[in-house]
Trainee: 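First the structure, then my questions, so here it is.
Read the numbers this way: they start at 1 and go in the same order the structure lists the ligands and their atoms. One-based numbering along the sequence shown. Source: prediction; values computed, not measured.
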Amino acid sequence: MDKIAVLDFGGQYAHLIANRIRRLGVLAEILIPQNLVDPAEELKTFCGIILSGGPQSVLGEDAPTIDSAIFELKKPMLGICYGMQLFVKKLEGKVKKVGGGEFGKSKLKILTKSKLFTGIPKTSVAWMSHGDEVVELPAGFEKIASTEDCEFAAIEDSAKQIFGVQFHPEVVHTKFGEKIFKNFLKITRAKKSWTMDQFLKTEISHIKKQVGKRKVFMLVSGGVDSAVGFALLEKALGRKNIFGLMVDHGLLRKNEAEKVHKSLKKAGFKNLKIINESKHFLAALKNITDPEEKRRVIGRVFLKVQRKALKRLRFNPREWLLGQGTIYPDTIESAGTVNADKIKTHHNRVPEIEAMIEKNLVIEPLAQLYKDEVREVGKKLKLPKNLIERHPFPGPGLGVRIICGESKNLKIKNKIASELNRKWRTKGKVLPIRSVGVQGDSRSYAYPVALFTASRDFEKLDEIAIWLVNKYPEINRVVLCLNSSKVPRTFQACFMKLTCSRIDLAREADEIVNKALISKKLYSKVWQFPVVLAPVFESEKEGEAVILRPINSEEAMTANFARLPKSFLNEVTKKLMKLDGVENVFLDITNKPPATIEWE
Ligand code: XMP
């Protein structure tokens, strides 16, 4: 079978490149460059080679690299971000660290005719995420596209068929990314021979082989991933060899546990039990405020609860594997590949689970897939539409949507506000809380800027948000105040624990938003809609802000903030402001990157 090699330098999207190639019907294999003993020899059988992005700088001493002998293979090559910078450096061009970087949307201008850009308009949107860039080309190369902030946005040596792009064609937000891959595949002359049915067949035989004579004890949440994972394991192993456990950790949505239990039973899942362990989880989280620590604690308690349940059910742990609905973004964001940086620890990727994976005690049939593919598998397994099309909800639930703030005083520069006013005639203030972001394949933990304006011109607001984050490294998000366009004199934040009353408040806010989404027929228009609670306020009395985070995405690796109608935003804001303790309502208008979908 014809195949393409993807050299994984640890970029958040390296795996997504392979996924895109497979969707175009060609087999793609991911290879870790450091694991190749004789790269030129091992890459000989591939039709083309793609070098991925990565979190490091090619200028760094320990940066992962590749043997120059691969350039002698005369195979078509495509370097993406770090991958392009690496071959430029190897071929004696120059790479430099420049300014604050470039994250998210940018306007790509194609400058000359290139086989890589056949059928693509002269200007289009491309997604960027980089701190370094190419400043001098190696001999034989020419510039084929630029953006406003990046001169060498795409380059080529047409004689040697080596192409480089600074942007990410693998993310859906790069408008013609798929076309670029199609063009590259044409250049490689690889023949199409890969399908999703083939994936299912191979996966079922993998499951049978890995499980052998054992059985699977699966943690289900009612979300798409665990439901599809459960159904796939059931299909491969038979009903009596799989048992599902749904844990109510006290951080679920309003009435979620009962709703999920009912809908899973209705969908035909029989071996299923629900247990309420909320006391256990909330006690463990009582004094935890750091986002990463919260995630680790939740993951650990899940495991304890599972072990306790095995004991109670008198299941022999040696006969039962732990099943999880882990999908690929959970792995990559938790630094699941050698060169990747850790963005956040997903609850199903805590160290204790990783130790169990090493001992072959865990089975994750969807670990190589993205959400949209999981939904496709769900359809093939004939799961009901309402289960497949639910919005994703993170394993740690509201636990990562209730920000605890910090006990120390955060010092932030407010010169940002005056520059914002001067350049964009828009008032803003930096909020004294932090959230997680993903910039240049690395984790960031930085501040949001809140904008105060009556404008709901989301395209313009998007431009302002992109400008702010690219210009100020201490900023990774931008929110828009929905309940007022007057800038308050100060904003304070305080340190608040994860208490039952805060969880109840988050639940009520989430319920208001979800009900409105359904009644206004907007549920299917957004991909996910986290509702976040943060301890920031402007008055003497301590209060909370509710932050709305509607996004659109395909596979959660990149996302656009969703443009929702003014009437919806007004109605929801009015209702949220009536909740006891809510002082402000903000709308998150940041894309991913630079922000992540969740705040923690
Ligand atoms: P971020 O916030 O990293 O989220 O952009 C990407 C997607 O993953 C979900 N998410 C999780 N899902 N366990 C999960 O099962 C987790 O620990 C977790 N953290 C984030 C998030 O809701 C989004 O859909």
Trainee: Between Arg507 and Asp504, is the closest basic N to carboxylate O distance under 4.0 Å?
Mentor: yes

Trainee: Look at Arg401 together with Glu598 and state whether they make a salt bridge at an N to O cut-off of under 4.0 Å.
Mentor: yes

Trainee: What pairs with Lys520 under salt bridge (Lys or Arg N to Asp or Glu O under 4.0 Å), at least two apart in sequence or on another chain?
Mentor: Glu571

Trainee: Residues in salt bridge (Lys or Arg N to Asp or Glu O under 4.0 Å) with Asp225, at least two apart?
Mentor: Lys371

Trainee: Before accepting this row, confirm whether a basic side-chain N of the pair Arg349/Glu364 lies closer than 4.0 Å to the acidic partner's carboxylate O.
Mentor: yes

Trainee: Please identify each residue that fulfils side chain to side chain donor-acceptor pair (under 3.5 Å) with Lys308, with sequence neighbours left out.
Mentor: Glu277

Trainee: Can you pull the residues with any heavy atom under 4.0 Å from ligand 1?
Mentor: Arg295, Glu333, Lys344, His346, His347, Pro392, Pro394, Gly395, Pro396, Trp527, Gln528, Ala556, Lys592, Thr596, Ile597, Glu598

